[in-house]
Participant: 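Sharing a structure here in structure tokens format.
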Amino acid sequence: MHNLIYIRENPTEFDNAMKLRGEDNLSSKILELDKIKRETQTVLQNLLSDKNKLSKEIGILKAQKLDANTKIKKVEDLKSKIDNLKELEEIKDNELNSILSRLPNIPDKSVPFGKNENDNIKYREWGNKPDFNFKPKLHYEIGENLGLINFELAAKLSGSRFVVLKKQISKLERAISNFMLDKHTVENGYIEYTLPFLVKDQSLFGTGQLPKFGEDLFTAGEDHWLIPTAEVPLTNLVRNEILNINQLPIRTTSCTPCFRSEAGASGKDTRGMLRQHQFTKVELVSIVEPQYSDQELERMLECAESILKDLNIHYRVMTLCSGDMGFSAKKTYDIEVWLPGENTYREISSCSNCGDFQSRRMNTRYKTEGKNQYVHTLNGSGLAVGRTLIAILENYQMEDGNVKIPEVLIEYYNNKTLL
RNA sequence: GGAGAGAUGGCUGAGCGGUUGAAAGCACCGGUCUUGAAAACCGGCAACGGGGCAACUCGUUCGUGAGUUCGAAUCUCACUCUCUCCGCCA
């Protein structure tokens, strides 16, 4: 959610920023609504003030057992005017909010301009592509050959974009989750949470999925939605809170299933388990003071990278361009892991600094020098577990069709070295 | 699912139709005292929004939303959530 005062004071900068994200000049319309609303408000408040005064006087007269009928009549006359103005103010306020709540965050100055993913810029890379003396297979070929990944069974149960894993692969997935959580809680300083997978509208509004992106989500009953990421419950833990400065920074993590309708992705990545309606992800969320959010993003990125480094899998980090960033983000790094079977890089993590965009929506502040200030929020995958499984299968595959277990996972895999 | 009780500021908690934005305590901030700290004492301390260069001023807010009234934290209704007891059940 945007700061109206900022828009009032910097309409041109605001319009330019929104243009980067494909939104037309809006400041004039916003400011017009804002102006009408405030004018209405001023008149309304004067009338309310009159009404309050009269009511108080009536109270005093009545206490003295004096006649108050003329004043009562006056207040009654004020009422209809007040009701009309209230209605007008509410209409304008709603219009304003419905515009503001659908506008994406302003990109950080350091974000490259661009239209889509082709304009993203490489930030850094780590490791090397592995050499194979045979043609590396795709993850689902490996899994299906071993009889451990099954899409037909999943389709029977739930339709397309689901998967059934079993035996060693199920266990490996569990090992990956545990390894990541241990890494983040023990070494990287995040606090682990177990969270609801169903949330209310309010929470999704807070992180920015609603009101605009409801079609990307699954609903569960009348009042709940399935979480598309643990970012939603983790970030909303501090919704409507005034935090004490010494509570910050707050660093939290959780491993949850994530549910996405993939509404806009029909025909994309239909084979394999790369793009599913349900997948597991370890999420990182930080709540920090504004002046530290830039460095917190770098820190978070390094925490996410540390997983792939430990797994010894080649990856690159991309700085997303203005056109490819998510709604709430002010700056985003994607980690793209190397998949030899596909012979390409694929997103395995996305780390974003949302600035005060989400905290304004959630009304999350902290007290500093007697004043309340909006916190900054960040979130990142650390990492997507399903895609990490894919990366391991493809990078650690052997010619005979079996797969080596990455060294750091062996202790999580009953000390076995092969799948 | 049945029966009850409740929701007030950062926290605890009084108020149950008329200067109550809300007693008191804790926490927090400033000061006195002290070599320093603690204790004690004194003072300050809700949020959001409108108007104003400013001093300041006005409005809204006591779970949420409607209603009654000249006037609502206080009365009525609906909803949400929490707690206790009973039943059922991982």
Side-chain angles (χ1 to χ4, degrees), chain A residues 1-9 30-101 194-206 210-211 219-225 233 236-248 250 287 289 356-375:
Chain A
M1 193 76 108
H2 292 288
N3 183 358
L4 250 178
I5 295 168
Y6 173 82
I7 303 176
R8 267 180 226 159
E9 289 171 357
I30 291 170
L31 292 180
E32 176 67 15
L33 277 170
D34 179 45
K35 195 174 153 222
I36 296 172
K37 190 197 118 186
R38 278 151 74 205
E39 285 167 358
T40 310
Q41 201 172 9
T42 304
V43 179
L44 172 65
Q45 288 182 354
N46 287 337
L47 293 179
L48 282 171
S49 174
D50 292 347
K51 184 184 136 200
N52 288 343
K53 271 186 210 132
L54 282 169
S55 291
K56 241 169 219 175
E57 288 166 16
I58 292 165
I60 293 165
L61 287 177
K62 290 231 167 167
Q64 297 171 340
K65 303 252 192 274
L66 294 171
D67 176 57
N69 282 334
T70 23
K71 290 190 190 263
I72 291 177
K73 192 97 185 77
K74 267 193 193 166
V75 176
E76 275 170 349
D77 289 344
L78 279 177
K79 272 186 156 176
S80 69
K81 281 192 200 165
I82 289 177
D83 286 346
N84 287 339
L85 285 173
K86 251 190 193 156
E87 204 179 319
L88 180 64
E89 194 210 359
E90 206 181 303
I91 289 169
K92 293 300 165 190
D93 198 40
N94 288 343
E95 271 183 60
L96 198 54
N97 277 333
S98 97
I99 294 175
L100 287 177
S101 63
T194 304
L195 299 161
F197 305 151
L198 303 182
V199 293
K200 300 186 292 186
D201 296 24
Q202 267 297 303
S203 298
L204 288 156
F205 181 86
L210 289 181
T219 52
E222 300 262 304
D223 304 316
H224 293 98
W225 305 77
N236 277 280
L237 287 173
V238 295
R239 188 174 79 228
N240 250 319
E241 300 280 344
I242 298 178
L243 303 165
N244 195 315
I245 191 166
N246 56 32
Q247 290 175 263
L248 302 176
I250 297 172
I287 313 290
E289 290 181 68
D356 62 7
F357 188 82
Q358 292 180 323
S359 65
R360 283 179 187 280
R361 294 175 154 254
M362 294 193 299
N363 196 27
T364 303
R365 292 156 297 165
Y366 75 106
K367 245 195 194 357
T368 170
E369 288 160 7
K371 295 185 87 176
N372 292 329
Q373 257 205 295
Y374 288 108
V375 296

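So that the names make sense, note that chain A is the first sequence line, chain B the second, and so on, each numbered from 1.
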Participant: Report yes if at least one side-chain N or O of A/Arg38 is closer than 4.0 Å to OP1 or OP2 of B/rG51; otherwise report no.
Facilitator: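 Yes, such a contact exists.
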Participant: How long is the line joining CG of A/Asp83 and P of B/rC70, in whole Å?
Facilitator: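 Roughly 13 Å, once rounded to whole Å.
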Participant: Considering every strand shown, what is the Watson-Crick or G-U wobble mate of B/rC28 when both distances are under 3.5 Å?
Facilitator: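 When the pairing criteria are applied, B/rG44 turns out to be the nucleotide that pairs with B/rC28.
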Participant: Work out how far the P atom of B/rU60 is from that of B/rA73, and round it to whole angstrom.
Facilitator: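 10 Å, rounded to whole Å.
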Participant: On the nucleotide B/rG50, are OP1 or OP2 found under 4.0 Å from the side-chain N or O atoms that A/Thr42 carries?
Facilitator: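 No, outside the criterion.
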Participant: CG of A/Asp50 versus P of B/rC58: gap in Å, rounded?
Facilitator: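 In whole Å, B/rC58 P lies 12 Å from A/Asp50 CG.
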Participant: So, is A/Lys367 close to the B/rA47 phosphate, meaning a side-chain N or O under 4.0 Å from OP1 or OP2?
Facilitator: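 Indeed, a polar side-chain atom of A/Lys367 lies that close.
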Participant: Would you say A/Arg361's side chain and A/Phe205's backbone share a donor-acceptor pair under 3.5 angstrom?
Facilitator: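 Looks like yes, one N/O pair under 3.5 Å.
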Participant: Tell me: NZ of A/Lys51 to P of B/rU69, nearest whole Å?
Facilitator: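 Checked: the NZ to P distance equals 12 Å.
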Participant: Salt bridge between A/Arg38 and A/Asp34, side-chain N to carboxylate O under 4.0 Å?
Facilitator: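 Looking at A/Arg38 and A/Asp34, the cut-off is met.
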Participant: How many whole angstroms separate atom CG of A/Leu243 from atom C1' of B/rA47?
Facilitator: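 For the pair A/Leu243 CG and B/rA47 C1', the rounded distance is 15 Å.
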Participant: So what's B/rC33 paired with, Watson-Crick or G-U wobble, going by both distances under 3.5 Å?
Facilitator: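 Pairing partner, where one exists within any strand: none, as none qualifies.
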Participant: Would you mind reading off the distance between A/Asn363 atom CG and B/rU60 atom P, rounded to a whole angstrom?
Facilitator: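 Nearest whole value for this atom pair: 20 Å.
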Participant: Between A/Ile245 (CD1) and B/rC29 (P), how many Å, whole number?
Facilitator: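 Taking atom P of B/rC29 as the reference, CD1 of A/Ile245 is at 12 Å.
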Participant: Where each residue is assigned the nucleotide of RNA chain B containing its nearest heavy atom, which of A/Arg8 and A/Lys56 is assigned the position nearer the 5′ end?
Facilitator: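 Here A/Lys56 is the residue nearer the 5' end.
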Participant: Distance between the C1' atoms of B/rC29 and B/rG17, in whole angstroms?
Facilitator: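 My reading of the C1' atoms in B/rC29 and B/rG17 gives 37 Å.
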Participant: Has A/Asn46 got a side-chain N or O lying under 4.0 Å from the OP1 or OP2 atom of B/rG59?
Facilitator: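 It does not, given that no N or O in the side chain of A/Asn46 lies less than 4.0 Å from OP1 or OP2 of B/rG59.
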Participant: What nucleotide, of B/rG10, B/rC70, B/rG59, holds the atom closest to the side chain of A/Leu48?
Facilitator: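 Nucleotide nearest to A/Leu48's side chain: B/rG59.
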Participant: Tell me whether A/Lys73 is salt-bridged to A/Glu76, with the criterion being a basic N under 4.0 Å from an acidic carboxylate O.
Facilitator: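 No.
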Participant: How far does the P atom of B/rG31 sit from the matching atom of B/rA38, given to the nearest Å?
Facilitator: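 Result for the P pair: 12 Å, nearest Å.
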Participant: In whole Å, I'd like the distance from the CG atom of A/Leu54 to the C1' atom of B/rG71.
Facilitator: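 Computing the A/Leu54:CG to B/rG71:C1' distance gives 11 Å.
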Participant: Distance-only, no hydrogens or angles: does the A/Thr40 side chain make a donor-acceptor pair with backbone N or O of A/Glu89 under 3.5 Å?
Facilitator: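 A pair under 3.5 Å: no.
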Participant: Can you tell me the pairing partner of B/rA54 across any strand shown, Watson-Crick or G-U wobble, with both distances under 3.5 angstrom?
Facilitator: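 Per the H-bond distance test, none.
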Participant: Assuming nearest nucleotide by heavy-atom distance, tell me which of A/Lys53 and A/Val75 is located more 5' along RNA chain B.
Facilitator: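 Of the two residues, A/Lys53 wins.
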Participant: Using the P atom as the reference point in each nucleotide, state the distance between B/rC11 and B/rU69 in Å, no decimals.
Facilitator: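 Result for the P pair: 35 Å, nearest Å.
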Participant: With a cut-off of less than 4.0 Å, is there a side-chain N or O of A/Asn372 near OP1 or OP2 of B/rA47?
Facilitator: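 Answer yes for this pair, as a side-chain N or O of A/Asn372 is under 4.0 Å from OP1 or OP2.
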Participant: Between A/Lys35 and B/rG50, is there a contact of a side-chain N or O with OP1 or OP2 at under 4.0 Å?
Facilitator: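 No, no such contact exists.
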Participant: Categorize A/Lys73 for me: base, sugar-phosphate, or nothing, with a 4.0 angstrom heavy-atom threshold over every strand shown.
Facilitator: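 No contact.
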Participant: Taking the P atom in each of B/rG30 and B/rA23, what is the distance between them to the nearest angstrom?
Facilitator: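 After rounding to an integer number of Å, I get 23 Å for this pair.
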Participant: Rounded to the Å, how far apart are A/Gln41 CD and B/rC48 C1'?
Facilitator: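 For the pair A/Gln41 CD and B/rC48 C1', the rounded distance is 11 Å.
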Participant: Taking atom CG of A/Asn236 and atom CD of A/Gln358, what is their separation to the nearest 0.5 Å?
Facilitator: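 Going from CG on A/Asn236 over to CD on A/Gln358, the span is 8.0 Å.
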Participant: Is there side-chain contact between A/His2 and A/Phe357, with heavy atoms separated by less than 4.5 Å?
Facilitator: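 Of all side-chain heavy-atom pairs linking A/Phe357 with A/His2, at least one is under 4.5 Å.
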Participant: For B/rU84 versus B/rG59, give the span between their C1' atoms, rounded off to a whole number of Å.
Facilitator: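 These two C1' atoms come out 41 Å apart once rounded.
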Participant: With a 3.5 Å limit on both atom pairs, tell me what B/rG63 is paired to, counting Watson-Crick and G-U wobble, or say none.
Facilitator: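 B/rG63 is paired with B/rC79.
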Participant: Using the P atom on both, measure B/rU76 against B/rA22 and round to a whole Å.
Facilitator: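 That atom pair is separated by 26 Å.
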Participant: Partner of B/rG18 by Watson-Crick or G-U wobble geometry, both contacts under 3.5 Å, or none?
Facilitator: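 B/rC70 - that is the nucleotide pairing with B/rG18, both distances being under 3.5 Å.
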Participant: Taking any strand in view, what nucleotide pairs with B/rG1 in a Watson-Crick or G-U wobble way, both distances under 3.5 Å?
Facilitator: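 In the structure as shown, B/rG1 has B/rC86 as its Watson-Crick or wobble partner.
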Participant: Would you find more than 12 non-hydrogen atoms of other residues, nucleotides or ligands less than 6.0 Å from A/Glu87 atom CD?
Facilitator: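 For A/Glu87, atom CD is not crowded (no more than 12 foreign heavy atoms under 6.0 Å).
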Participant: I want to check one thing: is the phosphate of B/rG10, taken as OP1 and OP2, less than 4.0 Å away from some side-chain N or O of A/Arg365?
Facilitator: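 So the side chain of A/Arg365 is outside the cut-off, no N or O lying under 4.0 Å from OP1 or OP2 of B/rG10.
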Participant: Could you tell me how far B/rG43 sits from B/rC48 if I compare only their C1' atoms? Round to whole Å.
Facilitator: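 It comes out at 27 Å once rounded to the nearest Å.
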